[in-house]
Amino acid sequence: MSTTESTTTTTSDREERTARLRALVEESSLHFSALEDELGPGQLAEAVSAWAAQTFGRDLAVACSMADAVLPHVVAQHLPGVDVLFLETGYHFPETLETRDRVARELDVTVVDVLPLATVAEQDSSLGPRLHDRDPAACCALRKVDPLRRALSGYDAWVTGVRREEGPTRAHTPLITYDESFDLVKINPLVTWSFGQLMGYSHDHGLPENPLLERGFPSIGCAPCTRAVAPGEDPRAGRWADSAKTECGLHPSGDAPADDEASTDTPSAVTPLSLLTVDTAQETR
């Protein structure tokens, strides 16, 4: 097969996949939207997670920031050993890394570190120190958005823990949508949950929790860009508090592509905690 024929076939396969996933989203989103009025938050999360596991199997990944382990636990009940992607930016609080290690040990999941190829030191050398202060959007693109984009290229769907009550940019998040930015199905089983319901589930099941939650950090990101919030503040008020930035680019408002979170061509690495390193710029799942 010539290079031109191969490229045409690849493009055709990609378009067919996209059309298939879009049709699936259209059908399923209508079904589950109707169920929102019938089921409580816990029942709805179970129903959506069971559907996701049955529909996508090992082509499904869970994203987890390691503030808590509720989402991995909910999904793993229906898909034991599911891949749980953790964006190891190099800037995390020690407590977050400790929570990640506990999740890997205590839950029936496969925790996968998603890494940018450039270390913090290498990024500082090429772009100058403290990029997160000078251009937080660029830093998030390099250390979060692009690494996740490459990691997700091996899946048909990803599951996130986005909840509508977290802030205005997330207030209209759907249960199921087609993620235009990452080109796959996006599933949000916990979207109707309150923070109290989230913590109640965690306590009831004895799940790992990030100690920072009890220190005024309801939303936990990279250490240089996250502070504790005051009582009554928006739960995400502590993220990029000294800038106009409100999202890292993984969850654009309305699930539309984020124009201001420009992608780069920087490759990333994916490292399961078994210490197997997979460079997603070169290999597919």
Side-chain angles (χ1 to χ4, degrees), residues 45-46 48-49 52-53 56 58-116 140 143-145 147-152 154-155 157-163 166 170 173 179 182 184-191 193 195 197-199 201-203 205-213 217-223 226 235-236 239 247-251 268-274 280 285:
E46 291 293 338
V48 172
S49 298
F56 299 104
R58 296 302 166 187
D59 289 324
L60 180 75
V62 174
C64 185
S65 66
M66 300 301 168
D68 60 79
V70 171
L71 183 65
H73 186 268
V74 169
V75 178
Q77 305 310 299
H78 305 281
L79 189 63
V82 63
D83 287 351
V84 174
L85 308 184
F86 172 68
L87 298 177
E88 172 47 300
T89 64
Y91 284 118
H92 284 295
F93 292 98
E95 293 88 342
T96 300
L97 300 180
E98 292 166 5
T99 304
R100 173 203 60 186
D101 294 344
R102 283 193 60 195
V103 169
R105 289 194 307 268
E106 299 176 22
L107 273 65
D108 190 1
V109 300
T110 302
V111 174
V112 178
D113 275 354
V114 177
L115 308 168
C140 285
R143 310 203 71 78
K144 288 186 174 183
V145 180
L148 184 62
R149 187 186 315 282
R150 295 182 184 276
L152 289 177
Y155 301 91
W158 70 309
V159 186
T160 88
V162 171
R163 293 179 295 107
E166 290 178 304
R170 301 185 172 190
T173 301
D179 193 321
F182 295 124
L184 77 172
V185 178
K186 183 176 182 181
I187 304 163
N188 307 297
L190 310 183
V191 74
W193 289 35
F195 182 73
Q197 289 167 329
L198 189 78
M199 289 295 94
Y201 183 100
S202 183
H203 297 162
H205 292 85
L207 301 179
E209 295 175 8
N210 194 316
L212 293 174
L213 290 173
F217 291 80
S219 179
I220 304 169
C222 295
T226 307
R236 292 180 59 81
R239 305 292 294 277
E247 292 282 354
C248 63
L250 304 181
H251 308 292
S268 64
V270 177
T271 308
L273 294 192
S274 62
T280 56
R285 194 169 157 272

Going through the distances and angles, do Asn210 and Phe217 end up as a side-chain contact (heavy atoms from CB on, under 4.5 Å)? CA-CA 9 Å; Asn210 194 316; Phe217 291 80; over 6 Å; no

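- Shortest non-hydrogen contact noted between Glu209 and His203 is OE2-CD2, 2.7 Å.
- Nearest approach of Val84 to Val109, heavy atoms of both residues: CG2-CB, 3.7 Å.
- Considering only residues two or more places apart in sequence or on other chains, Thr89 meets the side chain to side chain donor-acceptor pair (under 3.5 Å) condition with none of them.
- Looking at heavy atoms from C-beta onward, Arg143 lies out of side-chain contact with Cys222 at the 4.5 angstrom threshold.
- The minimum heavy-atom distance between His92 and Gly221, with the atom names listed, is ND1-O, 4.1 Å.
- A distance-only check finds no donor-acceptor pair linking the side chain of Ser202 to the backbone of Leu198 [under 3.5 Å].
- Scanning both residues, Val145 and Phe182, for their nearest heavy atoms gives O-CE2, 3.7 Å.
- Looking at heavy atoms from C-beta onward, Asp101 lies in side-chain contact with Arg105 at the 4.5 angstrom threshold.
- Residues Val103 and Phe86 have side chains not in contact (no heavy-atom distance under 4.5 Å, counting atoms from C-beta outward).
- For the atom pair CG (Asp179) and CG (Leu184), the distance works out to 6.0 Å, reported to the nearest 0.5 Å.
- With rounding to the nearest 0.5 Å, the separation of CG in Leu85 from CH2 in Trp158 is 9.0 Å.
- Note on residues 69-79: no pairs pass salt bridge (charged side-chain N to carboxylate O under 4.0 Å, His left out), not counting sequence neighbours.
- Residues Gln197 and Leu190 fail the side-chain proximity criterion, which asks for heavy atoms closer than 4.5 Å.
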Would you please test Arg100 and Glu88 for side-chain contact (heavy atoms from CB on, under 4.5 Å) and show each step? CA-CA 10 Å; Arg100 173 203 60 186; Glu88 172 47 300; 3.8 Å; yes

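- The two residues Thr226 and Ser219 make their nearest non-hydrogen contact at CG2-O, 3.5 Å.
- Val114 and Pro147 get closest at one heavy-atom pair: CG1-O, 3.5 Å.
- Between Leu213 and Met199 the shortest side-chain heavy-atom distance falls below 4.5 Å.
- Between the side chain of Thr160 and the backbone N or O of Asn188 there is no donor-acceptor pair closer than 3.5 Å.
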Expected list for residues 60-79: side-chain donor-acceptor pairs under 3.5 angstrom, two or more places apart:
from	atom 1	to	atom 2	distance (Å)
Asp68	OD1	Val70	N	3.0
His73	ND1	Tyr201	OH	2.8
His73	NE2	Gln77	NE2	3.3
Gln77	NE2	His73	O	2.8
His78	NE2	Glu46	OE1	2.7

